[in-house]
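Quick notes on the structure that follows.
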Amino acid sequence: MGDIDTGTSSGTDFIREAVAADLAQGKCVEVHTRFPPEPNGWLHIGHAKAISIDFGVAESFHGKCNLRFDDTNPEKEDESYVQAIKRDLKWLGYDWEGREYFASDYYERLYDLACGLIRKGLAYVDDLDEDQIKEYRGTNVPDKSNITFTPPGKNSPYRDRSVGENLDLFARMRAGEFADGSKTLRAKIDMASPNLHMRDPVMYRIRREPHYRTGDKWCIYPMYDFQHPLSDAIEGVTHSLCSLEYEIHRPLYEWFIKNCEVFPSRQIEFARLNLSHTILSKRSLIQLVREKKVSGWDDPRMPTIAGLRRRGYTPEAIRDFVTRIGIAKTDSLVDIQLLEHCVREDLNRKADRYMAVLRPLKLIIDNWPEGKTEMLSAVNNPENPEGGSREIPFGRELFIEKDDFREMPPPKYYRLFPGNQVRLRYGYIITCTGFDKDPVSGEISAVHCTYDPQTRGGDAPDNRKVKGTIHWVSKDTAVEFKARLYDYLFEAERPTDVPSGQTFLDNLSDHSLEEIDCAFAEPAVKSVLVGQTIQFERLGYFCKDLDSQESGKAVFNRTETLRDTWAKIEKKNQQQ
RNA sequence: UCCCCGGUUGUGUAAUGGUAGCACCGCAGACUCUGGAUCUGCUUGUGGGGGUUCGAAUCCCUCCUGGGGAACCA
């Protein structure tokens, strides 16, 4: 067992410990897991955690992980979701090695297994309707939050039908002889069980709804609790890892394995991911899409894998994040700043640097010869010596960031203000000599300065210390682009925490997206590819969006800002 | 409080009867041609009360507290 890597790269955790124990005790000889998405929505960062566990645990023990679509609810599922899920899984870098399965492919075997249970006297066809089932189960109460005691249920009057009658009725259910909802197949377990899931759970229901894969071949569909353990068994899954809400289903999971006499898989539950300022329920995510609160599943503000990708996140950053958060059974809320840290760390190493100005302010170098242009050399990525360098045009008129000039500098401000010296990144050291103000609006229309010819490239021969370095773009060669600046979709740390009568939609931020139509960048950005994430120096990481036009304006989505120490100082200044 | 599962610095996660550690956040400083990066240092924690033990985050009891469950969804 010494050669088994219990997770040096991803740490150890209670699941890996349990799996290692099973192996040591001979309960299984190999490890086989599965990732079982229902194709009714796109993958999000919470799935990434589950995927990391399913694939990661298998990998730790040199085992396998299947991809299985848990598609037994024809009302919600669709082929487009299958495609989206596969695409995102691949992009994240996971490989199911062709083991791509569908629960809907098991319908025939599942049906046989159900008949087997009937023959053993452990399943029966019930004529009770939905409300009656609840009533008999003892759970048909108006206010669930006010229950102090759950009485035992009582048996359905149809519970003791003969095996022959049940077999016949079940076959006729399949044949379409009965109306939707008029009959169900139920497991005969224990109507007095304190675990409500054991009170004769429904195994099959009648639903005339075309399925995206089986069409109208079936009008009865198996329920999750019956289908899941058996699908796991069919695939030889040894460890069925799922989230905490299935914990209470585990006795049922084990009941079906035992009574169907199939390959036993062990279900182990872990806490699902909760992320601050984010909503991760598929139901809510689909609502944001349908009600057009966002532009789609891949809106860069969405916590979906596709949204994060379009935002500029890398698979490496996402995978790093989901391994850093660990695995436990504690219900927790992970600070989204950890995710942000992970992208910054990854992108800092990988992203090429460029200069761009989001809110342009004209800077005129009064002692620079009219019409003269110079090319200056700039390093592409200071974190990567092999990244090379590029040339940037420099001239008499530049754009600088509005925020980099102040008429009256606040404390600790060491950018441009009258009389102050500042370095233009990769350019010259300049001294601010004045500024033009629009007499009507009071707005500053241009800043004037002189440059020191001795400081070409930014180095001062006299080694004088210049505290501030600001970015710039040469006016004549500037490339215009559109920038989309994103903020949290929800300002609240827990978007679902709302006063009664409100929903998470009431928590939607009104400034989660700011569009800047006319920003300027250095000419070299023309070579940036759609989907590529770069850094605009001092501003943050930006990803070229697919909305960019071939020969027209490029669109850049801001992935994240850089860590902004000045913003903190400024905030503190304001508080004082 | 009918059933199930949890509670370790602000957040997340280790420590499996033997020095409560790591990461993020935050704070301070060093360095820096990105107020970025990097480096150094720092603050804050075992929910409460009892018990077992030489020794308890860990085992036991009890209280408190959080989450989940009662779909012909998964």
Side-chain angles (χ1 to χ4, degrees), chain A residues 11-14 17 36-38 40 70-73 75-77 126 128-130 133-134 137-141 144 147-153 180-186 193-197 199 201-207 220-221 223-225 227-228 242 244-251 269 271 276 282-283 324-335 337-342 344-345 348-349 353 355 379 382-383 412-415 423-427 429 455 457-460 466-471 535-540 561-570:
Chain A
T12 190
D13 52 77
F14 77 97
E17 279 170 15
E38 184 188 9
N40 67 345
D70 230 343
D71 54 354
T72 51
N73 183 0
E75 287 168 272
K76 292 182 177 168
E77 297 150 6
D126 195 2
L128 258 28
D129 68 24
E130 212 170 329
I133 285 179
K134 281 181 190 165
R137 204 176 256 152
T139 58
N140 200 10
V141 281
K144 288 172 189 163
I147 294 181
T148 53
F149 170 65
T150 307
D180 286 12
S182 63
K183 282 182 169 47
T184 57
L185 182 71
R186 291 232 253 165
S193 172
N195 182 343
L196 283 332
H197 293 279
R199 320 249 265 221
V202 171
M203 293 165 57
Y204 273 89
R205 59 200 167 123
I206 305 173
R207 201 83 257 269
I220 57 170
Y221 291 95
M223 304 294 293
Y224 170 86
D225 285 312
Q227 170 270 123
H228 206 89
C242 60
L244 245 31
E245 68 259 40
Y246 293 103
E247 202 162 30
I248 201 156
H249 295 243
R250 200 193 320 136
E269 312 85 10
S276 66
K282 256 200 261 188
R283 196 189 124 273
R324 282 203 209 201
I325 56 175
I327 309 170
K329 295 184 74 164
T330 319
D331 183 57
S332 60
L333 181 69
V334 176
D335 192 337
Q337 287 186 98
L338 179 60
L339 214 211
E340 294 166 4
H341 167 83
C342 290
R344 288 194 182 109
E345 191 177 70
N348 176 51
R349 280 184 292 117
R353 271 64 165 170
M355 285 204 285
V379 173
E383 302 294 320
K412 290 183 188 161
Y413 186 87
Y414 44 82
R415 304 177 189 179
R423 176 172 27 239
L424 293 171
R425 179 77 158 153
Y426 297 122
I429 292 174
T455 58
D459 294 309
V466 177
K467 197 89 165 109
T469 297
I470 64 173
H471 60 276
Q535 183 192 108
F536 284 140
E537 294 217 17
R538 301 214 304 137
L539 296 175
T561 60
L562 261 23
R563 265 186 78 234
D564 195 346
T565 309
W566 168 243
K568 284 178 199 164
I569 296 170
E570 213 179 17

Rounded C1' spacing from B:rU44 to B:rC63 in Å
27 Å
Between A:L562 (CG) and B:rU38 (P), how many Å, whole number?
11 Å
Measure distances between side-chain N and O atoms of A:H249 and base N and O atoms of B:rA74, and say whether any donor-acceptor pair falls under 3.5 Å.
yes
A:T72 vs B:rA74: side-chain N/O to OP1/OP2 distance below 4.0 Å:
yes
How close or far is atom P of B:rG36 from atom CZ of A:R353, stated in whole angstroms?
13 Å
Determine the interatomic distance between C1' on B:rU32 and the same-named atom on B:rG18; round to the nearest Å.
46 Å
Pairing stems for RNA chain B [at least three consecutive pairs; Watson-Crick or G-U; under 3.5 angstrom]:
B:2-7 with B:64-69, B:10-13 with B:21-24, B:26-30 with B:38-42, B:47-51 with B:59-63
So what does A:D129 hit on the nucleic acid, given a heavy-atom distance under 4.0 Å: a base, only sugar-phosphate, or nothing?
base
Sort me out a list of protein N/O and nucleotides 3-8 of chain B N/O pairs below 3.5 Å, or just none if empty.
from, atom 1, to, atom 2, distance (Å)
B:rC5, O4', A:E247, OE1, 3.3

5′-ward residue of the pair A:I569/A:E77 relative to RNA chain B
A:I569
Approximate separation, where rounding is to 0.5 Å, of A:M203 CE and A:L185 CG:
4.5 Å
Classify the nucleic acid contact of A:L339 as base, sugar-phosphate or nothing, counting any heavy atom under 4.0 Å across all strands shown.
nothing
Mind listing the closest non-hydrogen atom pair of A:R324 and A:C342 along with its distance?
NE-SG, 3.9 Å
P atoms of B:rG21 and B:rC61, separation to the nearest Å
30 Å
Using a heavy-atom cut-off of 4.0 Å across all strands, would you classify A:Y414 as base, sugar-phosphate, or nothing?
base
Got a donor-acceptor contact below 3.5 angstrom from the A:R423 side chain to the A:G458 backbone?
yes
Within the 4.0 Å heavy-atom criterion, would you say A:R207 contacts the bases, only the backbone, or no part of the nucleic acid?
nothing
Starting at atom CZ of A:F14, determine the distance to atom P of B:rU13, rounded to an integer number of angstrom.
10 Å
What's the CG-P distance between A:L196 and B:rU1, to the nearest Å?
18 Å
Taking atom C1' in both B:rU65 and B:rU46, compute the distance separating them and give it to the nearest angstrom.
15 Å
When rounded to whole Å, the CD to P distance for the pair A:E245 and B:rG69 reads 7 Å
Between B:rG50 and B:rA20, how far is it from one C1' atom to the other, in whole Å?
23 Å
Any base atoms under 4.0 Å from A:F536, or only sugar-phosphate, or nothing? Heavy atoms, all strands.
nothing
Pick base, sugar-phosphate or nothing for A:L424, based on heavy-atom distances below 4.0 Å to the nucleic acid.
nothing
Which atom pairs link the protein and nucleotides 19-25 of chain B when you take only N or O atoms and keep those under 3.5 Å?
from, atom 1, to, atom 2, distance (Å)
B:rA23, O2', A:R324, NH1, 3.2

Look at the side chain of A:E17 and decide which nucleotide, out of B:rA14, B:rU16, B:rG35, has an atom nearest to it.
B:rU16
A:H249: ring pair (Phe, Tyr, Trp, His ring centres under 6.0 Å) partners, not counting sequence neighbours:
A:H197, A:Y246
Separation of atom NE2 in A:H197 from atom C1' in B:rA74, rounded to whole Å:
12 Å
Residues forming a ring pair (Phe, Tyr, Trp, His ring centres under 6.0 Å) with A:H228, sequence neighbours excluded:
A:Y224
Could you work out the separation of B:rC22 and B:rU40 based on their P atoms and round it to a whole Å?
12 Å
Ignoring hydrogens and geometry beyond distance, is a side-chain donor-acceptor pair present between A:N348 and A:Q535 at under 3.5 Å?
no
Can you tell me if A:R538 touches the phosphate of B:rG35, counting only side-chain N or O atoms and a distance under 4.0 Å to OP1 or OP2?
yes
Categorize A:D459 for me: base, sugar-phosphate, or nothing, with a 4.0 angstrom heavy-atom threshold over every strand shown.
base
Closest heavy-atom pair and its distance - A:R186, A:L128:
NH2-CD2, 4.1 Å
Side chain proximity check, A:S276 to A:V334, heavy atoms < 4.5 angstrom:
no
Can you check the A:Q535 CD to B:rG35 C1' distance for me, whole Å?
13 Å
If the C1' atom of B:rG45 is compared with that of B:rG10, how far apart are they to the nearest Å?
11 Å
B:rC72, OP1 or OP2 - any side-chain N/O from A:R137 closer than 4.0 Å?
yes
If we require ring centres under 5.5 Å and near-parallel planes under 30°, does A:Y224 stack on B:rA74?
no
Below the 4.0 Å mark, does B:rG36 have OP1 or OP2 next to a side-chain nitrogen or oxygen of A:T565?
yes
Of the nucleotides B:rG35, B:rA37, B:rA71, which one has an atom closest to the side chain of A:M223?
B:rA71
Please determine if A:K76 and A:E38 form a salt bridge, counting it only when a charged side-chain N lies under 4.0 Å from a carboxylate O.
no
Minimum side-chain heavy-atom gap A:L338-A:I325 below 4.5 Å:
yes
Compare all side-chain heavy atoms of A:I470 with those of A:R538 and state whether any distance is below 4.5 angstrom.
yes
Within the 4.0 Å heavy-atom criterion, would you say A:E130 contacts the bases, only the backbone, or no part of the nucleic acid?
base
With sequence neighbours excluded, residues passing ring pair (Phe, Tyr, Trp, His ring centres under 6.0 Å) with A:Y426:
none
Sugar-phosphate only, base, or nothing, as touched by A:P382 at under 4.0 Å among non-hydrogen atoms
base
To the nearest angstrom, how far is A:N348 atom CG from B:rU34 atom P?
12 Å
Salt-bridged, A:K329 to A:E247, with N to O below 4.0 Å?
yes
What interatomic distance, in whole Å, is found between P of B:rU8 and the corresponding atom of B:rA57?
15 Å
Is the closest side-chain heavy-atom distance between A:K183 and A:I206 below 4.5 Å?
yes
Hey, which of these two, A:S332 or A:Y426, hits RNA chain B nearer its 5' end, going by closest nucleotide?
A:S332
Reference residue A:R563; test side-chain contact (heavy atoms from CB on, under 4.5 Å); the match among A:H341, A:K568, A:E340
A:K568
